[in-house]
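Notes follow the structure.
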Amino acid sequence: MARSRLSSSWTLLLSLVILLGCLIIPGATVKHDNFKKCSQSGFCKRNRALADDVSTKGSSWGSPYELDASDIHFENGQLQGTILKSISPTQKVKLPLLISFLESGVARVTVDEEKRMTGDIEIRHGSQARKERYNEAQSWALVGGLDVSKSATLSTEADNGFTKVLYGPDNAYQAVIRHSPFSVDFQRDGQTHVQFNNKGYLNMEHWRRKVEAVEGEQDVLGTQEDEGTWWEESFGGNTDSKPRGPESVGLDITFPDYNHVFGIPEHADSLALRETRGGPGNHEEPYRMYNSDVFEYELNSPMTLYGSIPLMQAHRKGSTVGVFWLNAAETWVDIVKSKADTQTHWFSEAGQLDVFVFLGPSPQEISKKYGELTGYTQLPQQFAIAYHQCRWNYVTDEDVKEVDRNFDKYQIPYDVIWLDIEYLDDRKYFTWDPLTFPNPIGMEEQLDDSERKLVVIIDPHIKNQDKFSISKELKSNGLATKNKDGDIYEGWCWPGSSNWVDCFNPAAIKWWIGLFKYDKFKGTLANVFIWNDMNEPSVFNGPETTMPKDNLHHGNWEHRDVHNVNGITFVNATYQAMLERKKGELRRPFILTRSFYAGAQRTSAMWTGDNQATWEHLAISLPMVLNNGISGYPFAGADVGGFFHNPSKELLARWYQTGIWYPFFRAHAHIDTRRREPYLIQEPFRSIITQAIRLRYQLLPAWYTAFREASVNGTPIVKPQFYVHPADEAGFTIDDQLYLGDTGILAKPVVSEEATTADIYLADDEKYYDYYDYTVYQGAGKRHSVPAPIEKVPVLMQGGHVIPRKDRPRRSSGLMKYDPYTLVVILDKNGQAEGTLYVDDGETFDYERGGYIHRRFRFEGSSLVSDDIATHGSQSAAYLKTIANVRVERVVVIDPPREWQERTSVTVIEDGAKASTSASLEYVTQEAGKAPYAVVKNPNVGISKTWRIEF
Ligand code: NOJ
């Protein structure tokens with residue numbers, strides 16, 4: 001009796017504690033139990049154990065992989081051979097090796113498994129799964145850059161036991177391939193920068209027949225291998241049948257003398273990657289890449305998130321190199337720093353080993369070469385880089401119209417309003433709720449009146465309901481993903497029971513494209529664009545909230561093989577659909593995706609998913625967005641305001657001041673949050689937010705120019721410190737300030753509560769000027785305290801740049817199209833400045849045929865000059881005509897020479913004009929500490945013209 005009373009009071013206490021806990025932090029952290037730790041993932045555990053074993057054995061360890069020296073061929077820039085893996089004193093597994101030396105100077109190493117290539121294996125459980133190792137990741141991720149080098153040659157230098165290949169620019173690179181054990185050193189200018197299998201962790205788990213282990217029998221490693229995770233694995237109530245058994249691929253990649261590594265998004269972590277084998281400040285777990293819908297994700301964590309790009313850069317003063325691990329299966333990366341080296345260990349659950357090596361030497365070179373392979377950012381429509389207003393949900397078409405009117409009433413610019421899943425009829429995509437959205441066309445027309453757009457959500461799960469025609473078509477035409485038994489896979493998502501369109505299937509893509517035609521997706525006009533969410537795919541009742549790995553896709557690839565590219569197959573299909581909505585109506589599609597892989601930059605923007613309205617989430621958004629930028633996918637942003645919970649007014653204002661620096665700038669909020677459209681926020685916060693949004697709009701010409709750069713060179717749109725100042729070691733780990741394109745604009749958003757100043761780190765000794773009042777900051781290698789009261793975004797401009805702006809506030813970017821420009825000229829120490837401007841029609845593909853202007857502005861001596869740097873084409877003349885009357889209305893020169901005080905006018909010479917003209921010059925002195933400036937009012941030169949202004 002006493003015992004039970006005791007236990008019941010304990011139960012009561014426990015319940016109270018739990019209840020209290022719930023009240024204080026309403027589910028604020030991720031549910032770790034839903035996601036695997038390395039120790040719960042068979043192949044992760046096995047590869048880590050191998051690394052541990054090798055480390056313990058030290059020099060007594062011999063990697064069982066050797067390159068068959070009698071069978072090496074080098075022809076046309078490619079080396080072919082066979083790696084032999086010893087699995088017993090008499091048995092060797094053949095692993096075909098191909099090393100391609102590409103014209104670009106990139107090297108690609110591919111290793112496959114002969115038995116599986118020839119189909120000489122058995123698959124268990126009668127599964128239909130393919131026998132080969134997955135070799136199609138490249139057809140989703142790569143679009144070019146694969147031409148093999150004509151000049152790469154075998155080195156003639158005799159060195160027994162090694163094969164050496166000279167390649168790269170002037171054959172100054174060398175791949176030193178050791179035969180036994182197999183390893184490769186990649187050298188540039190005689191120095192090794194990247195090493196494969198130098199530690200001996202290479203691991204290709206070869207196919208084997210399941211046999212009952214004989215007690216005490218030892219394998220080649222001298223140990224009894226633990227088969228516990230080879231043949232099936234259970235997690236969270238789901239059992240993975242693993243019909244092919246263990247098949248992971250692993251490799252150590254060392255960057256000797258490199259102390260910093262960056263990349264491998266998506267993780268909510270610092271930009272500089274941390275060590276992952278424990279110790280103070282380090283992670284315990286490897287960085288994981290397994291695209292997942294992680295509810296209430298945690299910060300400073302190597303846990304997986306919604307997307308992945310397996311591109312890593314290693315950086316040190318004077319050199320940047322990189323690797324791209326092309327594998328679509330679940331992947332983990334361990335990072336350990338030893339003395340000056342960074343050792344990384346990569347392993348994927350399935351697929352070929354396929355790795356690209358970039359020898360830099362600069363971060364820009366990596367961006368450029370990686371972009372040659374995976375494609376560059378699509379130049380978005382102009383509206384897409386302006387401000388997006390979203391929430392889950394705008395509840396009726398009248399609600400949307402009301403929000404639209406309110407933005408105008410309060411004179412807050414915005415370009416796009418979004419509809420989340422509640423616009424649908426019963427969560428059926430391609431429909432409208434007839435009660436709440438009876439007149440979508442009327443709503444879209446109102447938006448169009450001010451050149452605004454609508455984005456609607458379309459997810460990959462299709463409500464499983466026979467009377468829903470799209471569901472019927474999906475199922476009866478065999479277009480859905482299948483389960484391990486080859487039946488249509490069924491799981492749970494927003495509509496309840498659902499099936500998933502399989503966009504690996506060309507027939508499914510074709511069908512999907514058809515669904516977006518205006519006569520099919522009724523209620524949509526040309527100003528409607530698409531949001532692809534939940535495409536990891538998210539499956540509420542699936543293992544780790546996604547599909548079972550033994551599900552089957554088109555061609556009988558297992559979901560295991562393709563998981564990380566699954567999201568982009570769906571986005572690609574949507575992209576095609578948007579191109580083909582109507583014959584002859586060719587507009588650049590805009591698609592937002594949550595899940596991504598290398599190559600997603602060609603079709604879409606991304607956002608960092610379901611963040612929270614906390615200062616910590618605001619802060620982490622910067623390294624996350626910066627990381628995407630250096631990883632080839634710069635069109636990135638985070639939900640402004642935080643998705644879950646209600647931000648304070650201060651947090652919201654600071655979030656807008658930060659969000660204006662995301663290449664993708666969208667406010668979004670969970671359905672349970674209070675309304676927080678900027679005009680609803682009390683003063684002074686409403687004005688503060690309005691000013692921030694207007695700053696974004698003012699700088700749209702500079703943003704668009706930065707996007708153009710990204711679209712041709714792969715350059716990030718906002719750049720981190722190390723990228724801009726690669727030789728300044730003190731700045732390598734700084735990830736809370738950013739540079740906008742090549743404009744010299746350096747922003748440091750405030751991400752902490754009640755801050756009144758921001759410390760901005762300056763790497764060089766150029767003068768930097770406050771964006772608003774031209775206060776001067778100078779001094780290399782130190783932090784400068786910049787005032788940052790709540791109404792101010794800390795922004796500096798580096799001397800030496802010309803920044804293009806549009807200063808007239810309007811309702812939307814579309815309405816600014818023909819507005820005049822302001823040029824801000826910030827002179828450097830030598831009295832010079834330079835900048836560029838790219839402009840096109842902002843919506844069509846005419847720019848591909850010369851329909852754009854590209855100007856370079858230079859200030860030299862005492863003149864500002866505008867030169868044409870465009871490549872002309874068939875559309876040039878027509879486009880030039882459309883903007884012939886767009887002019888420069890103001891030139892502001894910051895820190896001009898003192899002599900200008902005496903001058904009151906400038907001479908303006910425009911090409912083709914009959915005579916020179918003059919314009920007034922006003923010189924303004926300021927109090928000490930603030931630079932003087934001079935303003936030329938209405939120089940009246942065409943933005944598309946060649947001209948000179950003489951001061
Ligand atoms: C999950 C997305 O991350 C979120 O942004 C969206 O609001 C919900 N799905 C509902 O569609």
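All ligand and atom numbering here is 1-based and tracks the order in the structure.
For the residue pair Asn393/Tyr423, the side-chain donor-acceptor check at 3.5 Å is not satisfied. One side chain, Asp404 or Tyr414, offers a donor N or O that lies under 3.5 Å from an acceptor on the other. Looking at Asn535 and Thr593, their side chains do bring a donor and an acceptor atom within 3.5 Å of each other.
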Starting from the C-alpha separation in whole Å, work towards a yes-or-no answer on ring-ring contact (aromatic ring centres under 6.0 Å, His included) for Phe643 and His617. CA-CA 10 Å; Phe643 179 69; His617 270 270; over 10 Å; no

Report the C-alpha distance between Tyr575 and Phe570 in whole Å, list the side-chain angles of each, state the deciding distance to 0.1 Å, and finish with yes or no for ring-ring contact (aromatic ring centres under 6.0 Å, His included). CA-CA 9 Å; Tyr575 184 87; Phe570 179 63; over 10 Å; no

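Which parts of ligand 1 touch Phe643 is read off a 4.0 Å heavy-atom cut-off, strictly below it: atoms 4 (C), 5 (O), 7 (O). Residue contact check: Ile457 has heavy atoms under 4.0 Å from atoms 11 (O) of ligand 1.
Shown are Trp607, Trp531, Tyr394, Tyr662; of these, the ring-ring contact (aromatic ring centres under 6.0 Å, His included) with His668 is made only by Trp531.
In Ile671, neither the side chain nor the backbone holds a heavy atom less than 4.0 Å from any atom of ligand 1. Using a 4.0 Å cut-off between heavy atoms, Trp607 contacts ligand 1 through its side chain alone, with no backbone atom that close. With a 4.0 Å cut-off on non-hydrogen atoms, Trp531 touches ligand 1 through its side chain and not its backbone.
The distance between the ring centers of Trp500 and Trp492 does not fall below 6.0 angstrom.
The nearest heavy-atom contact from the protein to atom 4 (C) of ligand 1 is Asp610 OD1, 3.4 Å. Nearest to atom 5 (O) of ligand 1 among the protein's heavy atoms is His668 NE2, 3.0 Å. Looking only at protein heavy atoms, the nearest one to atom 2 (C) of ligand 1 is Asp533 OD2, 3.1 Å.
For atom 11 (O) of ligand 1, the nearest non-hydrogen atom from the set Ile421, Asp420, Asn393 comes from Asp420.
Residue Trp494 places a heavy atom under 4.0 Å from ligand 1.
In terms of polar-atom proximity, defined here as any N/O pair under 3.5 Å, Arg594 does make such a contact with ligand 1.
Surrounding NZ of Lys482 are at most 12 heavy atoms belonging to other residues, nucleotides or ligands under 6.0 Å away.
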